[in-house]
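Read the structure below first, then the notes.
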Number of protein chains: 2
Amino acid sequence: MLTEKELKEYSDNARASYLPHISIDCVVFGFHEGMLKVLLLHMKNENGWYLPGGFVLKDEPIELSANRILKERTGLDEIFLQQFHVFGDPQRSKDHFEMYKDMLPRAENWFTDRFLTIGYYALVDFCDAIPQPDIFSADCIWRDLDDLPELKLDHALILKTALDTLRLQLNYQPIGYNLMPKEFTMPELQKLYETILDKKLDRRNFQRRMLGFGILKRSEKPRKGGAHKAPYLYSFDLENYQAALTEGFKGGW
Amino acid sequence: MLTEKELKEYSDNARASYLPHISIDCVVFGFHEGMLKVLLLHMKNENGWYLPGGFVLKDEPIELSANRILKERTGLDEIFLQQFHVFGDPQRSKDHFEMYKDMLPRAENWFTDRFLTIGYYALVDFCDAIPQPDIFSADCIWRDLDDLPELKLDHALILKTALDTLRLQLNYQPIGYNLMPKEFTMPELQKLYETILDKKLDRRNFQRRMLGFGILKRSEKPRKGGAHKAPYLYSFDLENYQAALTEGFKGGW
DNA sequence: ACAAAAGTGTTTGATATACACCCATGT
DNA sequence: ACATGGGTGTATATCAAACACTTTTGT
């Protein structure tokens, strides 16, 4: 539980270090055992959950802020982070006004100012990320996307928007590099797509299409040990992957 | 030419009214005589040009801010405005620091603070818009996209990003409602697409595809008076158009 | 031997591209 | 009459969807 004194201290520190009225919220997607997960924080002194977020240092490029926040929460660095929307409704943080209203006068509490938040989403390998709570939180854990708890503020909207954006991106950008382990099988990659899109895809057509993008390299050795026929292992061809990221897939016109 | 006194006054007013460190810049595209135009401002006391921009009132939703700014610059209201990116490099406004450095101390000049800017783009009917300069500007005029003057700050980057976004959107969203007059011919609409994409399209295939989207209504009467065969007039089917805006065109997966 | 996972086709329909022809109108 | 802009149609290639068969491996 946060004391008034601590809150005041955090508030003063934040005011001194960060740009006012601007925050960053990260929707960190992970993938594990066929389930899409998202990283959520649970506050010490209340019930709801939050997306991991943070603020922009007074002289810090926002892309760095987003990366810093992601790193602080997952230990991961150099991850594809996609800015997707700014949420700027003045009413979006009224939960906060309520929550802190008896602790510290509004004027003294930096955190109850109005904030615009810049939404970023990240796709990370579930296994590499080590969730770390921040100073306000009791927990930082992966939650299943289809079993979400109640989210505070407008974080449900932010999450939904991120997911919609991700699904759109899927149509003209490669996805998976940060979500999959170094090597993976085609069915595993397919499972990722199916999970994100929440629909079944045809095994054979998926494979053909995926290979057609030219962003995969097939390893010599198939995965051994498993039951049934041994699947081939693939990894992303980083060069082509990056190119596809910038250029996109299907032209259209 | 802006006097120091005026600047101080504007600065103090702005500080009192707007959120600090946050601005909005609008890339307003218009279409006229087969040319894509963009609305630019020319400052009184310097050479470069700017995108029309503004600030967010302390209690104003950012979508309203963008609309307000657009309205102040063009007189147009209820226009499709698309938020497309936040530009948050701390160095992005160093032009401003230079420009004002001899006029007013940094601490007193609100406009030389660091600003993140939220980029919006709008597509408007060239004929309906009446360019209005703001208090800092001598001129607000349409400039041809392929004959751009030097842009200040990072506004060239913002403009380029807007154009890239627009071209991407073209692949899965209808475009044109705000750029075209109420009624237009198919060749006219095609010209718009060709101009945005900067490439020639096949007349017949364009028509088939466009009609396939089901967002156009054909008027009874063809356009009379012109030379050669009278073309049909079309208008957008607003209902389907809106639906296509939210749902997008070609599914992908 | 067989069930289940995975690799590799083939057939079919839709969609895009390229191209040809016809119609109307002012000079 | 003819050049030009504009409407409509058709053959072809390309791609996506649906579906079948074969191979491997643990039980």
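Every chain is numbered from 1, with letters handed out A, B, ... down the list of sequences.
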- Student check: side-chain heavy atoms of B:Lys160 and B:Asp164 closer than 4.5 Å: yes

- Task: Quickly work out the B:His228 NE2 to C:dT25 P distance and round it to whole Å.
- Result: 12 Å

- Query: What is the distance from CG of A:Asn205 to P of C:dT11, rounded to the nearest Å?
  - Reply: 15 Å

- Atom-to-atom span, CE of A:Met210 to C1' of C:dA6 - whole angstrom: 17 Å

- Selected nucleotide, minimal atom distance to B:Pro231 side chain, candidates C:dG9, D:dG7, C:dG7: D:dG7

- Task: Find the distance A:Phe184:CZ to C:dA6:P and express it as a whole number of Å.
- Result: 14 Å

- Query: Among D:dG6, D:dT10, D:dT4, which is the nearest nucleotide to the side chain of B:Arg208?
  - Reply: D:dT10

- Taking 4.0 angstrom as the limit, do A:Glu194 and A:Lys199 come out as a salt bridge? no

- Query: Separation of B:Tyr234 atom OH from D:dG7 atom C1', in whole Å?
  - Reply: 8 Å

- Selected nucleotide, minimal atom distance to A:Tyr232 side chain, candidates C:dC23, D:dA18, C:dT8: C:dT8

- Message: What is the distance, to the nearest angstrom, from the CZ atom on A:Phe206 to the P atom on D:dC15?
- Response: 18 Å

- To the nearest Å, give me how far apart CD (B:Gln207) and C1' (C:dT17) are. 16 Å

- Message: Taking atom types as they are modelled, would you say the side chain of B:Asp202 forms a donor-acceptor pair with the base of C:dA16 within the 3.5 Å cutoff?
- Response: no

- Item | Which nucleotide in D:dA20, D:dC19, C:dT25 has an atom nearest any side-chain atom of A:Arg203 | D:dA20

- Return the nearest nucleotide to the side chain of A:Arg204; candidates are C:dC19, D:dC19, D:dG6. D:dC19

- Query: Side-chain N or O of B:Arg218 less than 4.0 angstrom from OP1 or OP2 on D:dT8?
  - Reply: yes

- Task: Identify whether the distance between the nearest side-chain nitrogen and carboxylate oxygen of B:Asp237 and B:Lys217 falls below 4.0 Å.
- Result: no

- Test side-chain hydrogen bond (donor to acceptor under 3.5 Å, both in side chains) on B:Ser219 and B:Glu183 and set out the steps. CA-CA 8 Å; B:Ser219 301; B:Glu183 295 203 304; 2.6 Å; yes

- Message: Rounding to an integer number of Å, can you tell me how far A:Lys229 NZ sits from D:dT22 C1'?
- Response: 8 Å

- For B:Ser137, enumerate each residue passing the side chain to side chain contact (heavy atoms under 4.5 Å, CB included) test, keeping only those at least two apart in sequence or located in another chain. B:Leu41, B:Met43, B:Pro133, B:Asp134

